[in-house]
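The structure under discussion appears below in the form of structure tokens.
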Amino acid sequence: MARPQKPQDAYVTNGWYLTIPVPGLGSNARFETLEGLSRQSGSVQTVDAGTNKVYKFANQITEFGDMTLTRTYDGSAADRAMETLCKTMIANGTKLPVVAVKMHNGNEVFSVAFEGFRIVSEAHPSWDVAGTDKYVVSYSATCDDWDIIPVGV
């Protein structure tokens, strides 16, 4: 696959799927958004008594941000599989190896491999009798680590 020629063919944020190794979800779990994919390093600081300068040093601890995923319910068997998965993860703290695959123009360009992926909450939309929006469920998730893996590795 030819790599995009930036900026003429820059990657777009849409076009991805999540692979969760759970029966009933299939290999391409349908999620519409994944937000909050982040990692950061903490720091410690000390004040030099002679100069009154604050020096910051890495604490060598990496924190991975909380993520939010959304998907539309459509009455499929995958909906029931997600309900069972969420119930299990929330009640028991179950973690799974999960992969998010980034697609661009129909081709896989990279993957994000999650270690210790766990859904920690599930939120359903308002059941407003006058509402006409699609039924979008939101999930909060955490992970212990993630790495971007280029195609072919």
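On a predicted model such as this, the values are computed, not experimentally measured, just so you know.
- Interatomic distance, CZ of Phe110 versus CE of Met103, reported as 11.5 Å (0.5 Å rounding).
- A salt bridge is absent between Arg71 and Glu122: the closest approach of a Lys/Arg side-chain nitrogen to an acidic carboxylate oxygen does not fall below 4.0 angstrom.
- The closest side-chain heavy-atom distance from Ile61 to Ser41 is not below 4.5 Å.
- Connection of Trp146 to Val120 is not established within any shared hydrophobic cluster, with ILVMFWY side chains joined at heavy-atom distances below 4.5 Å, either directly or through further cluster members.
- Smallest separation of non-hydrogen atoms from Met89 and Ile119: SD-N, 3.2 Å.
- Remark: side-chain polar atoms of Asn92 are not paired, donor with acceptor, to backbone N or O of Thr94 under 3.5 angstrom.
- Pairing each heavy atom of Val99 with each of Ser111, the nearest pair is CG1-CB, 3.8 Å.
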Exercise for the section: Mind running side chain to side chain contact (heavy atoms under 4.5 Å, CB included) on Arg39 and Asp147 for me, showing each step along the way? Expected result: CA-CA 10 Å; Arg39 65 177 145 216; Asp147 283 309; 4.1 Å; yes

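- Closest non-hydrogen pair, Cys143 versus Phe64, comes out as O-CB, 3.8 Å.
- The distance from the OG atom of Ser126 to the CG atom of Asp133 is 9.5 Å, given to the nearest 0.5 Å.
- Taken to the nearest 0.5 Å, the CZ atom of Phe114 stands 5.5 Å off from the CG atom of Leu34.
- In this model, no donor atom of one side chain and acceptor atom of the other lie less than 3.5 Å apart for His124 and Tyr73.
- For the pair Met82 and Phe31, the minimum side-chain heavy-atom distance is below 4.5 Å.
- Using a 4.5 Å cut-off on side-chain heavy atoms (C-beta onward), Val98 and Leu18 make contact.
- The closest side-chain heavy-atom distance from Tyr139 to Cys86 is below 4.5 Å.
- The shortest side-chain heavy-atom distance between Leu37 and Met67 falls under the 4.5 Å cut-off.
- At a cut-off of 3.5 Å, with distance as the only test, a side-chain donor of Thr70 or Thr33 sits close to an acceptor on the other residue.
- Between Asp66 and Thr142, the shortest heavy-atom contact is OD1-CG2, 3.3 Å.
- Residues Leu96 and Leu85 have side chains in contact (heavy-atom distance under 4.5 Å, counting atoms from C-beta outward).
- Between the side chains of Glu32 and Thr72, at least one donor-acceptor pair of N or O atoms lies under 3.5 Å.
- Asp144 and Arg118 are not joined by a salt bridge, as no carboxylate oxygen comes within less than 4.0 angstrom of a charged side-chain nitrogen.
- Side-chain contact between Val137 and Tyr135: present, with at least one pair of heavy atoms (C-beta onward) separated by less than 4.5 Å.
- Distance check: Asp74 CG to Lys134 NZ gives 10.5 Å after rounding to the nearest 0.5 Å.
- Taking both residues in full, the closest heavy atoms of Leu69 and Ala141 are given as CD1-CB, 3.8 Å, listed atom of the first, atom of the second, then distance.
- Put simply, the side chain of Tyr55 reaches to within 4.5 Å of the side chain of Asp48, judged on heavy atoms.
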